Amino acid sequence: MRRTPLALLTVTAALLLSLTGCTDDGTSGGSSTSPSPTGATEETVTINEDTPWALGGTLTIPAGARPPYPSVVLVQGSGPSDRDETVYGNKPFKDIAEHLTSQGIAVLRFDKRTYTYSRQIAADITSITVEEETIQDAVAAADRLRADPRMDPDRVFLLGHSLGGMLAPRIDAEGGSFAGLVIMAGSPRSLSEIIVDQTTDAVAALPPEQKALGQAQLDGLVAQLDALRTMSDDDAKQVVIGGASGYYFTEMDQHPAADYLAGSTTPLLILQGDKDFQVSPTADFGAYQTMLADRPDVTFKLYPGLNHLFMTSTTGTVDEYKTPSHVDTTVLHDIASWILGG
């Protein structure tokens, strides 16, 4: 199916901080338990309880395993996302949580702040950064696990996907203090670079009659991002790029992912699908390999035939996300094995 340049570039913009998917503000409150299909116990919990940003979450407790459990916080990619990181009919975080819990690992996943409080955040879009969108809540989730007497406080891990993976070392440094980080389809490059590359690829795939308009939109995006480099923070807050303020990009540029990696001694498992059209197996996964080649506590895994969601790639486009699928079983096994070996 052909898409107009505007619709195609909107796919790239959606990888940022899209605030169009409004949900009910607030959480279910309190906690409850129920059995999961795998026999594990699912507890409905609240992150940031008694704060203005309380978030609903699910904590899965292994069946048959003895505490204290190793545990994992799951951190989604960009945009408003529920606790399952739902993309059309796909629920990658649900797949991951169910498998890890079946292997004796407790898993905490929660709705993002931009999902639960989209209206409030949209009203203050000029100042929101990844601190408010992701980092603060991930640290709070880790603190909640350590405070749970059933969990081993020395074996709390973080698994971040896409932007969540990109931010994982920063979350670790800003209070996460994890036993290890699993980075799925992340990048040590700047978000600006990634967005430009994604949009360039999108324009290249357009039919000839749409390329001129697509190129004009790409040129405008590049100009906006370039202009941010000389703007003050206050000026950047007045610019809107892909549903986020320019300050969202500026703040990330002031905290390069590569710097956090360079200063980290936390063990890493870095995973990438070789059919990922959103994050490059060469420019992004390859950059991790180059940067961390001398670290014996870093494990790299490249999976043939898998896309950005670590599901089997069929079309190599965003359209394949519309077909319900599941995270590849080899990926799930590798994650569980690495955590249990850590």
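Note that the structure is predicted; figures quoted are calculated from it, not measured.
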Do [X] and [Y] get their side chains close enough for a donor-acceptor pair, meaning under 3.5 Å?
X: Glu132; Y: Thr129; result: yes
X: Thr58; Y: Arg83; result: yes
X: Thr317; Y: Thr315; result: yes
X: Gln76; Y: Arg109; result: no
X: Asn48; Y: Gln136; result: no
X: Asp82; Y: Thr86; result: yes
X: Asp234; Y: Gln238; result: no

task = Over 60° means perpendicular and under 30° means parallel, so classify the ring planes of Trp338 and Phe157, tilted if in between.
result = perpendicular
inquiry  = Between the side chains of Glu85 and Lys91, is the shortest nitrogen-to-carboxylate-oxygen separation below 4.0 Å, so that they form an ion pair?
reply    = no
message = So, applying side chain to side chain contact (heavy atoms under 4.5 Å, CB included) with Ser325, which one of Asn90, Asp95, Thr314, Asn307 is it?
response =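 The single option meeting the side chain to side chain contact (heavy atoms under 4.5 Å, CB included) with Ser325 is Asn90.
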Determine, using the 4.5 Å side-chain heavy-atom cutoff (strictly less than), whether [X] and [Y] are members of one ILVMFWY cluster.
X: Leu74; Y: Val87; result: yes
X: Ile96; Y: Val279; result: no
X: Tyr247; Y: Ile194; result: no
X: Leu332; Y: Leu159; result: yes
X: Val139; Y: Ile128; result: yes

Any side-chain heavy-atom pair from [X] and [Y] closer than 4.5 angstrom?
X: Leu306; Y: Asp276; answer: no
X: Ser71; Y: Met151; answer: yes
X: Val327; Y: His99; answer: no

Side chain Thr46, main chain Glu49, donor-acceptor under 3.5 Å =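 No, the answer is negative, given that no donor and acceptor are paired below the 3.5 Å cut-off.
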Closest approach of [X] to [Y] (non-hydrogen atoms, all atoms of both residues):
X: Glu320; Y: Gly316; result: OE1-N, 3.0 Å
X: Ala185; Y: Gln272; result: CA-OE1, 3.8 Å
X: Gly104; Y: Pro62; result: C-CG, 3.4 Å
X: Ile125; Y: Gly243; result: CD1-O, 3.7 Å
X: Leu261; Y: Met291; result: CD1-SD, 3.8 Å

When the side chains of residues 163-181 are checked against the rest of the protein, which donor-acceptor pairs come out under 3.5 Å, sequence neighbours left out?
{"unit_1": "Arg170", "atom_1": "NE", "unit_2": "Glu174", "atom_2": "OE2", "d": "2.8"}
{"unit_1": "Arg170", "atom_1": "NH1", "unit_2": "Glu251", "atom_2": "OE1", "d": "3.4"}
{"unit_1": "Arg170", "atom_1": "NH2", "unit_2": "Glu131", "atom_2": "OE2", "d": "3.3"}
{"unit_1": "Arg170", "atom_1": "NH2", "unit_2": "Glu251", "atom_2": "OE2", "d": "2.5"}
{"unit_1": "Asp172", "atom_1": "OD1", "unit_2": "Ser177", "atom_2": "N", "d": "3.2"}
{"unit_1": "Asp172", "atom_1": "OD1", "unit_2": "Phe178", "atom_2": "N", "d": "2.7"}
{"unit_1": "Asp172", "atom_1": "OD2", "unit_2": "Thr266", "atom_2": "OG1", "d": "2.6"}

request  = Return each pair, listed once, that meets ring pair (Phe, Tyr, Trp, His ring centres under 6.0 Å) where at least one residue sits in residues 45-87; pairs must be two or more places apart or across chains.
outcome  =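 The answer is Trp53-Tyr117.
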key: For Ser127, side chain to side chain donor-acceptor pair (under 3.5 Å) partners two or more places apart   =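 Asp124.
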query = Rounded to the nearest 0.5 Å, how far does CG of Asp284 lie from CD of Gln278?
reply =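 The distance works out to 11.0 Å.
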query = Is the distance between the ring centroids of His308 and His161 less than 6.0 Å?
reply = yes
